[in-house]
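Within every chain, numbering begins at 1; the chains are lettered A, B, ... in the order of the sequence lines, protein sequences first and strands thereafter. Values below: all heavy atoms of this structure, side chains included; hydrogens, waters and symmetry mates excluded.
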2 protein chains.
Amino acid sequence: MKNYSRQRAAILEMLKNTKIHPCAAEIYAEVRKTIPNLSLGTVYRNLDELERAGKVQRVAGKFQTDRYDGDITQHAHFICTKCGKIEDYSLEHKLIADIMRGRSKATGFILNYFGLCEDCCKEKQ
Amino acid sequence: MKNYSRQRAAILEMLKNTKIHPCAAEIYAEVRKTIPNLSLGTVYRNLDELERAGKVQRVAGKFQTDRYDGDITQHAHFICTKCGKIEDYSLEHKLIADIMRGRSKATGFILNYFGLCEDCCKEKQ
DNA sequence: ATCCGTGCAAAGAATTTGCATACAT
DNA sequence: ATGTATGCAAATTCTTTGCACGGAT
């Protein structure tokens, strides 16, 4: 996938330079400052595209709106259960080790991993 | 919260007895076999209620539809990137340790944890 | 009698899509 | 010239909500 549209490049750029893990509407509002006639549909299409190309990741969570992260290195997220803020943590962070061992005050964590299930592995194609 | 409606009890029961981590529509279809005039709004209202009461959990993920889990013990999910199937794993499972150490073939994992961020901790109330 | 939950249908929010036009190669 | 991406608006999909009625305590 090439990045030859201004829109796509600007969306990717914006995601690389923010720490707020924005949703589509927030990306739209921000990039519109540079490209005023940007449309929301274009944001959605490009987020799909960028995600499938592995240049961006959707944050796994319990949001009512998809949130995106321009940092595709392996890291953990802390998600505030009150305000929804998302913070990045390295996997080596002490807090994470504490949580995994049940020694932290955080209310909980989720560990989800991805891959092909057995059935899908068997299928040709 | 009491469980004194047939509908709520049936929804909870269904979630406790399935391993498919269903979405609201799947719960609706299943419970309707027993309570044919059940409405979808009631399913949504009860899922909210049950989640807030901690009797059920929404699965954190990248779905386009919320998925629910009647197992509220701490465990991990394996999510197939092709068909979307969700499988349960205990946190002690060897595969998880392997993934955490980068020794597994799974494409990736996410570790998200929840709690109050600093700002929200500071707020009165 | 009171409170809470329900079914139904309408409303709302988030996301996707069709189409004619415009841009990149 | 050809591919692909865009803006716009309509359409879909998922979820929430208002309201009058029914069931539980």
Side-chain angles (χ1 to χ4, degrees), chain A residues 1-15 20-69 79 81 83-84 86, chain B residues 1-15 20-69 79 81 83-84 86:
Chain A
M1 188 202 57
K2 297 157 192 172
N3 265 355
Y4 54 69
S5 93
R6 287 173 67 219
Q7 289 84 343
R8 182 176 302 162
I11 289 166
L12 180 55
E13 177 74 3
M14 187 266 175
L15 274 170
I20 68 165
H21 307 81
C23 64
E26 291 168 324
I27 296 166
Y28 173 66
E30 182 62 27
V31 177
R32 233 161 189 280
K33 293 177 185 170
T34 313
I35 306 175
N37 64 333
L38 175 72
S39 90
L40 192 51
T42 296
V43 173
Y44 277 108
R45 272 185 294 232
N46 278 306
L47 287 172
D48 273 11
E49 205 54 48
L50 290 165
E51 190 194 9
R52 256 176 304 112
K55 301 197 173 186
V56 137
Q57 60 168 148
R58 251 193 302 170
V59 180
K62 311 174 186 182
F63 315 112
Q64 78 286 266
T65 289
D66 286 343
R67 308 277 297 262
Y68 288 85
D69 191 342
I79 300 168
T81 48
C83 70
I86 302 176
Chain B
M1 189 201 57
K2 297 157 190 172
N3 265 356
Y4 55 66
S5 93
R6 286 174 68 218
Q7 289 84 342
R8 181 175 303 164
I11 290 167
L12 180 56
E13 177 74 4
M14 187 266 176
L15 274 170
I20 68 166
H21 307 81
C23 65
E26 291 168 325
I27 297 167
Y28 174 67
E30 182 62 28
V31 177
R32 232 161 188 281
K33 293 178 185 170
T34 314
I35 306 176
N37 64 332
L38 176 72
S39 90
L40 191 52
T42 295
V43 173
Y44 277 107
R45 272 185 294 234
N46 277 305
L47 287 172
D48 273 10
E49 204 55 49
L50 289 165
E51 190 194 9
R52 259 180 299 113
K55 300 197 174 187
V56 138
Q57 59 167 150
R58 251 192 303 170
V59 180
K62 312 173 185 183
F63 315 110
Q64 77 286 269
T65 290
D66 286 343
R67 309 276 298 262
Y68 289 85
D69 190 344
I79 300 168
T81 49
C83 70
I86 302 175

Asks: Just the endpoints, please: which first and last nucleotides of DNA chain C, 5' to 3', lie under 4.0 Å from a heavy atom of chain A?
Replies: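 So the outermost contacting nucleotides come out as C/dA14 to C/dT25.
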Asks: Whole-Å distance between D/dT15 P and B/Tyr28 OH?
Replies: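 In whole Å, D/dT15 P and B/Tyr28 OH are 14 Å from each other.
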Asks: Between atom CD1 of B/Ile27 and atom CG of B/Asn46, what is the distance when rounded to the nearest 0.5 Å?
Replies: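 Output value for this atom pair is 10.0 Å.
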Asks: With heavy-atom distances below 4.5 Å as the criterion, would you say the side chains of B/Val31 and B/Val43 are in contact?
Replies: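 Counting from C-beta outward, B/Val31 and B/Val43 never come under 4.5 Å.
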Asks: Can you tell me if B/Arg67 uses its side chain to pair, donor with acceptor, with the backbone of B/His21 under 3.5 Å?
Replies: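 Side chain of B/Arg67 to backbone of B/His21: a pair is present.
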Asks: Taking all atoms of both residues into account, what is the closest heavy-atom pair of A/Ala60 and A/Ile79, and its distance?
Replies: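 For A/Ala60 versus A/Ile79, the nearest heavy atoms are O-CD1, 4.2 Å.
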Asks: Has the side chain of A/Glu51 got a donor or acceptor atom that lies under 3.5 Å from a matching backbone atom of A/Asp48?
Replies: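 A pair under 3.5 Å: no.
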Asks: Under a 4.0 Å heavy-atom cut-off, which of residues 29-38 of chain A touch DNA chain D?
Replies: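 Residues of residues 29-38 of chain A under 4.0 Å from DNA chain D: A/Asn37, A/Leu38.
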Asks: Search all heavy atoms of B/Lys62 against all heavy atoms of A/Gln57 and return the closest pair with its distance.
Replies: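 Scanning both residues, the minimum pair turns out to be NZ-NE2, 4.4 Å.
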Asks: Pairs under 3.5 angstrom, nitrogen or oxygen only, protein versus nucleotides 17-21 of chain D, please.
Replies:
residue : atom : partner : partner atom : Å
D/dG18  : O6   : B/Arg45 : NH1          : 3.1

Asks: How many Å lie between OH on B/Tyr68 and P on D/dC14, as a whole number?
Replies: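 One finds 13 Å between P of D/dC14 and OH of B/Tyr68, rounded.
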Asks: Not counting sequence neighbours, which residues clear salt bridge (Lys or Arg N to Asp or Glu O under 4.0 Å) with B/Glu30? List them please.
Replies: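 For B/Glu30, the residues satisfying salt bridge (Lys or Arg N to Asp or Glu O under 4.0 Å) (neighbours in sequence not counted) are B/Lys33.
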Asks: Using 0.5 Å steps for rounding, measure from the CD1 atom of B/Ile20 to the CD1 atom of B/Ile86.
Replies: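 Rounded to the nearest 0.5 Å, the CD1-CD1 separation comes out at 9.5 Å.
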Asks: Which part of the nucleic acid, if any, lies within contact of A/Glu49, taking any heavy atom under 4.0 Å across all strands shown: a base, the sugar-phosphate backbone alone, or nothing?
Replies: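 Nothing, no heavy atom under 4.0 Å.
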Asks: Going by the rule side-chain contact (heavy atoms from CB on, under 4.5 Å), which residues pair with A/Tyr44 if we only count those two or more places apart in sequence or in a different chain?
Replies: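 Here the qualifying residues are A/Ala24, A/Leu40.
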Asks: Could you give all pairs that pass the salt bridge (charged side-chain N to carboxylate O under 4.0 Å, His left out) test and reach residues 5-15 of chain B, with sequence neighbours left out?
Replies: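 Every pair satisfying salt bridge (charged side-chain N to carboxylate O under 4.0 Å, His left out) with a residue in residues 5-15 of chain B: there are none.
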Asks: Take B/Gln64 and B/Leu40, find for each the nucleotide of DNA chain C with the closest heavy atom, and name the residue whose nucleotide sits nearer the 5' end.
Replies: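 It is B/Leu40 whose nearest nucleotide is closer to the 5' end.
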Asks: Using the test side-chain contact (heavy atoms from CB on, under 4.5 Å), find all partners of A/Ala53 that sit at least two apart in sequence or belong to another chain.
Replies: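 Once residues adjacent in sequence are excluded, the partners of A/Ala53 under the side-chain contact (heavy atoms from CB on, under 4.5 Å) criterion are A/Met1, A/Lys55.
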Asks: Rounded to the nearest 0.5 Å, how far does CD of B/Gln7 lie from OG1 of B/Thr34?
Replies: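 So the gap between those two atoms works out to 11.0 Å.
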Asks: Once you round it to whole Å, what is the distance between P of D/dT15 and CD of B/Glu26?
Replies: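 Whole-Å distance recorded here is 11 Å.
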Asks: At how many degrees, to 10°, do the end axes of the helix from C/dA1-D/dT25 to C/dA22-D/dT4 meet when each uses five pairs?
Replies: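 One end axis against the other gives 30°.
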Asks: How would you list, by chain and number, every residue that makes a side-chain contact (heavy atoms from CB on, under 4.5 Å) with B/Arg45, sequence neighbours excluded?
Replies: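 Residues passing side-chain contact (heavy atoms from CB on, under 4.5 Å) with B/Arg45: B/Thr42.
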Asks: Sequence neighbours left out, what passes side-chain contact (heavy atoms from CB on, under 4.5 Å) with A/Asp66? Give chain and number order.
Replies: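 A/Asp66: side-chain contact (heavy atoms from CB on, under 4.5 Å) contacts with A/Arg58, A/Tyr68.
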Asks: Please round to the nearest 0.5 Å and tell me the distance separating atom CG of B/Leu50 and atom CD1 of B/Ile11.
Replies: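 Nearest 0.5 Å value for the CG-CD1 distance: 7.0 Å.
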Asks: Each nucleotide N or O in nucleotides 23-25 of chain D that has a protein N or O under 3.5 Å away: list the pair and distance.
Replies:
none

